[in-house]
2 protein chains.
Amino acid sequence: MTATSTKTSPPEPRRRRKNNPESVRADILAVATREFSEKGLSGARIDEIAEQTRASKRMIYYYFSDKETLYLHTLEAAYQKVRLQEAELDLDHLPPLEALSRLVRFTFCHHAKNPDFIRLVMIENIHHGRFLAQSKLIQSLNAGVIDALTNVYLRGVEEGCFREGLDPRELHWLISALSFFNVSNQHTFSRIFDWQQAAPENQRKLEEHVTDMVLRYVRPDEVTPQP
Amino acid sequence: MTATSTKTSPPEPRRRRKNNPESVRADILAVATREFSEKGLSGARIDEIAEQTRASKRMIYYYFSDKETLYLHTLEAAYQKVRLQEAELDLDHLPPLEALSRLVRFTFCHHAKNPDFIRLVMIENIHHGRFLAQSKLIQSLNAGVIDALTNVYLRGVEEGCFREGLDPRELHWLISALSFFNVSNQHTFSRIFDWQQAAPENQRKLEEHVTDMVLRYVRPDEVTPQP
DNA sequence: TTAACAATGTACGAAATGGTACGTTCAGTC
DNA sequence: GACTGAACGTACCATTTCGTACATTGTTAA
């Protein structure tokens with residue numbers, strides 16, 4: 001876009017460049033997120049990212065030294081964003097059953113609303129988690145999730161509404177699996193089984209199933225509660 | 001060019017081996033499977049595949065016209081292989097509970113033993129299932145899974161060991177989700193939560209959890225069946 | 001045998017792609 | 001205003017990568 005309108009306006013012919021490092025950086029990161037999550041690390045093109053940015057390709061290498069570093073920053077930013085949203089969940093003031101139910105629904109919906117994040121995690125798994133392993137940041141971010149779930153679970157066991165002997169980490173695994181798969185495999189599943197999985201009514205049904213499944217799983221075995 | 005010469009064709013049209021077409025084709029496909037599942041469609045390199053083959057790059061283009069077609073054939077071959085293994089499952093002679101339990105365990109173990117297939121499906125989802133959509137073959141292959149599960153489920157409902165009102169397709173979705181996630185997200189999950197998910201004892205535990213979860217899910221609600 | 005076609009090897013081209021050299025402009029400090 | 005380092009633009013390079021032209025060998029039918 002050569003806006004050098006060399007008109008006969010002597011005082012102000014050219015557009016002034018305004019330095020704005022933070023904004024440029026954020027812009028690049030946003031575009032990179034779109035591109036990487038859409039096409040993967042090897043599929044995304046630096047030139048393509050540059051084109052969609054208000055900055056130039058030179059700027060990408062200026063702020064992020066190379067393609068892989070840019071990808072790593074993208075991944076970190078995505079995890080950070082997720083963490084921020086999760087932090088808003090306040091489960092401790094709810095009774096265990098409701099708290100767990102809410103956590104499951106939140107996870108399910110959150111994943112569904114953030115396909116970019118899911119895709120980045122898929123892509124990272126394709127790369128054997130090699131970049132995530134480099135990131136101290138991400139490692140530190142995710143401890144909180146397990147803690148929150150552990151609290152809820154322990155309270156539930158104490159109150160007798162959850163059965164004993166479950167591992168919160170494994171419980172989290174189950175919740176994640178169902179919520180993640182809902183996004184990650186939507187395309188193949190829909191196509192193979194000719195089922196519009198993304199349709200709102202089906203999403204609502206799946207949310208119910210998933211929540212129901214988790215709650216039934218933690219429910220105490222019936223012990224014939226007759227005295 | 002099909003020589004349909006209705007001349008004095010002998011009753012025995014014996015086919016003699018040519019150079020080595022079938023073997024070369026199979027070799028290419030095997031290497032392509034490794035490469036695509038490891039690096040994705042855009043990450044895999046035709047030259048790299050050629051190098052690992054006994055054939056040359058020219059042969060890849062001879063048998064499979066271009067990269068994307070080769071990828072599609074890879075995907076189809078992978079689904080076909082899975083289908084063959086699934087067909088060995090014979091559930092109809094088992095009581096419903098055992099049949100379902102066996103189906104879940106089979107799915108879980110099968111996925112765990114075929115990471116290449118899982119990765120290809122992940123990659124295909126990254127591509128929005130665009131190639132799978134082109135394949136009439138794959139579409140036709142996967143109907144059987146639902147049928148088998150439907151039979152088991154209906155028998156179970158009839159015998160009273162499963163609750164009513166569940167959709168076999170959704171049940172399959174749940175089983176798939178848990179089994180798939182176990183492979184697809186192993187790297188990120190292990191790294192984030194510092195948990196050796198691939199370790200045999202953890203795999204055994206997860207298999208139990210997953211089976212248990214599905215069985216608890218289909219179990220009839222307690223209706224206080226007092227005599 | 002020989003024509004015809006299938007199967008295969010070698011070398012190369014054109015475009016894409018990650019990354020850089022080098023110069024220019026901005027903004028704060030003295 | 002002069003200086004300086006950070007912020008930015010343009011043009012370019014070296015390599016990679018998909019794909020092909022062309023030559024050659026094997027195989028079968030007549």
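Letters A, B, ... are given to chains in the order of the sequence lines, protein chains preceding strands, and every chain is numbered from 1.
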Rounded to the nearest 0.5 Å, what's the gap from OG1 on Thr188(B) to CZ on Phe193(B)? Could you check?
-> 9.0 Å
Bend angle of the helix from dT1(C)-dA30(D) to dC30(C)-dG1(D) from five-pair axes at both ends, rounded to 10°?
-> 10°
For Tyr62(B) and dT24(D), what is the distance between atoms OH and P respectively, to the nearest whole Å?
-> 18 Å
What residues form a side-chain hydrogen bond (donor to acceptor under 3.5 Å, both in side chains) with Tyr71(B), not counting sequence neighbours?
-> Glu124(B)
Whole-Å distance separating the CE atom of Met59(B) from the P atom of dA6(C) | 13 Å
Near DNA chain D, under 4.0 Å by heavy atom, which residues of residues 31-38 of chain A?
-> none
Residues that Asp167(A) engages under side-chain hydrogen bond (donor to acceptor under 3.5 Å, both in side chains), provided they are two or more places apart = none
Residue pairs meeting side-chain hydrogen bond (donor to acceptor under 3.5 Å, both in side chains), one or both in residues 43-54 of chain B, sequence neighbours left out, come to Arg34(B)-Gln52(B), Glu35(B)-Gln52(B), Asp47(B)-Lys57(B), Glu48(B)-Gln52(B)
The single option from Val183(A), Leu206(A), Leu178(A) that satisfies side chain to side chain contact (heavy atoms under 4.5 Å, CB included) with Phe108(A) is Leu206(A)
To the nearest Å, how far apart are Phe64(A) CZ and dG18(C) C1'?
-> 17 Å
Quick one: list whatever passes side chain to side chain contact (heavy atoms under 4.5 Å, CB included) with Ile126(B), sequence neighbours left out.
-> Arg119(A), Met122(A), Ile123(A)
Considering residues at least two apart in sequence or located in another chain, which fulfil the ring-ring contact (aromatic ring centres under 6.0 Å, His included) criterion with His209(A)?
-> none
Does any pair with a residue in residues 132-143 of chain A pass side-chain hydrogen bond (donor to acceptor under 3.5 Å, both in side chains), and if so which ones, sequence neighbours excluded?
-> Glu76(A)-Ser135(A)
So which protein nitrogen or oxygen atoms get under 3.5 Å of nucleotides 17-20 of chain D's nitrogens or oxygens?
unit_1  : atom_1 : unit_2   : atom_2 : d
dT17(D) : OP1    : Arg45(B) : NE     : 2.6
dC18(D) : OP1    : Ala44(B) : O      : 3.4
dC18(D) : OP1    : Lys67(B) : NZ     : 3.1
dC18(D) : OP2    : Ile46(B) : N      : 3.1
dG19(D) : OP2    : Tyr61(B) : OH     : 3.3
dG19(D) : OP2    : Lys67(B) : N      : 3.0
dG19(D) : N7     : Lys57(B) : NZ     : 2.9
dG19(D) : O6     : Lys57(B) : NZ     : 2.5

Any side-chain N or O of Ser56(B) under 4.0 Å from OP1/OP2 of dG9(C)?
-> yes
Mind checking what makes side-chain hydrogen bond (donor to acceptor under 3.5 Å, both in side chains) contact with Arg105(B), not counting sequence neighbours?
-> Glu207(B), Glu208(B)
Round to a whole Å and report the spacing from CD of Glu51(A) to C1' of dG18(C).
-> 15 Å
Residue set satisfying ring-ring contact (aromatic ring centres under 6.0 Å, His included) with Phe106(B), at least two apart, ordered chain then number -> His110(B)
Contacts of Thr107(B) meeting side chain to side chain contact (heavy atoms under 4.5 Å, CB included) (sequence neighbours excluded), chain-then-number -> Leu103(B), His111(B), Ile175(B), Ser179(B)
